[in-house]
Amino acid sequence: MAGAEAAPDATGTPASVSPPGRASTSASTTATAAAPSAMSSPAEVAAAGPSELPHPGSGEAADPLIQQVMDKASPSDLPPADEALLLRQGRAAWLAETARYTRVRIQAVTARRDTTAGDGGPGRAVVRLVWAGADPAGTFLDGRPGTVHFTQNGDGSWKQTL
């Protein structure tokens, strides 16, 4: 389907169609994955405006802006202690998952109730990440999406689920 034009998204902007082998992401929730270009300064990233995501390859200066977009897209819905614990566990699980990658950096992360499960109850959570790194072939991409799912145990602790 490469080269085809996709239907407009909720903002009326045509959605892009990603080439095979590359994840398609929505500009409203995460950065677009692409090869890095020249690094942007923090001032250039800030000039992009609060409602816009920085261009791919903006580097670490863009990470706080990506975090703001993720936080705005999905308000906190977990108790603060659970959210903090899940953020730590989600980061650790994702870094373990990407061990064969190099230059890995988590750009932004949220922990929320998992509403994709039928019950959407308090015992399920999902950690969503945007990360950057070079795959085993050496291709560096930023704006890579990732998710880690958790289930709460009877004692209040959280266990990663597959």
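Residue numbers count from 1 along this sequence.
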side-chain contact (heavy atoms from CB on, under 4.5 Å) for Q89 and Q160? Distances and angles first, verdict last. CA-CA 8 Å; Q89 288 181 329; Q160 182 180 350; over 6 Å; no

Could you walk me through whether D82 and W158 pass the side-chain contact (heavy atoms from CB on, under 4.5 Å) test, one step at a time? CA-CA 9 Å; D82 283 341; W158 293 89; 3.3 Å; yes

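Separating the CD atom in E83 from the CZ atom in R113 is a distance of 10.5 Å, to the nearest 0.5 Å. In this structure, CG on D142 lies 10.5 Å from CZ on R103, to the nearest 0.5 angstrom. Taken to the nearest 0.5 Å, the OG atom of S58 stands 7.5 Å off from the CD1 atom of I66. Note that the CG atom of D135 and the OG1 atom of T102 stand 8.0 Å from one another [nearest 0.5 Å]. Within the model, atoms CG of L129 and CD of E97 stand 11.0 Å from one another, a figure rounded to the nearest 0.5 Å. Atoms CG and CD, from D63 and Q68 in turn, are 11.5 Å apart once rounded to the nearest 0.5 Å.
Between the side chains of Q67 and D71, at least one donor-acceptor pair of N or O atoms lies under 3.5 Å. In summary, the side chains of R112 and S74 do present a donor paired with an acceptor at a separation below 3.5 Å, with no hydrogens or angles considered.
Counting only residues at least two apart or in different chains, ring-ring contact (aromatic ring centres under 6.0 Å, His included) contacts with residues 69-90 are absent.
The two residues R144 and Q107 make their nearest non-hydrogen contact at N-OE1, 4.5 Å. Across every non-hydrogen atom of G90 and V148, the tightest pair is O-CG2, 4.1 Å. The minimum heavy-atom distance between L87 and T110, with the atom names listed, is CD2-C, 3.7 Å. Closest of all the heavy-atom pairs between A125 and L78 is CB-CD1, 4.4 Å.
In this structure, the side chains of H149 and R124 stay at 4.5 Å or more apart for every pair of heavy atoms. For the pair R128/V109, no side-chain contact is recorded, criterion being any heavy-atom separation below 4.5 Å from C-beta on. In this structure the side chain of F150 never reaches within 4.5 angstrom of the side chain of T161, judged on heavy atoms.
V69 and V126 are assigned to two separate hydrophobic clusters, defined by single-linkage of ILVMFWY side chains at heavy-atom distances under 4.5 Å.
Here the side chain of N153 pairs no donor or acceptor atom with the backbone of G156 at under 3.5 angstrom.
Legend: residues meeting ring pair (Phe, Tyr, Trp, His ring centres under 6.0 Å) with W94, ordered by chain and number and at least two apart, are W131.
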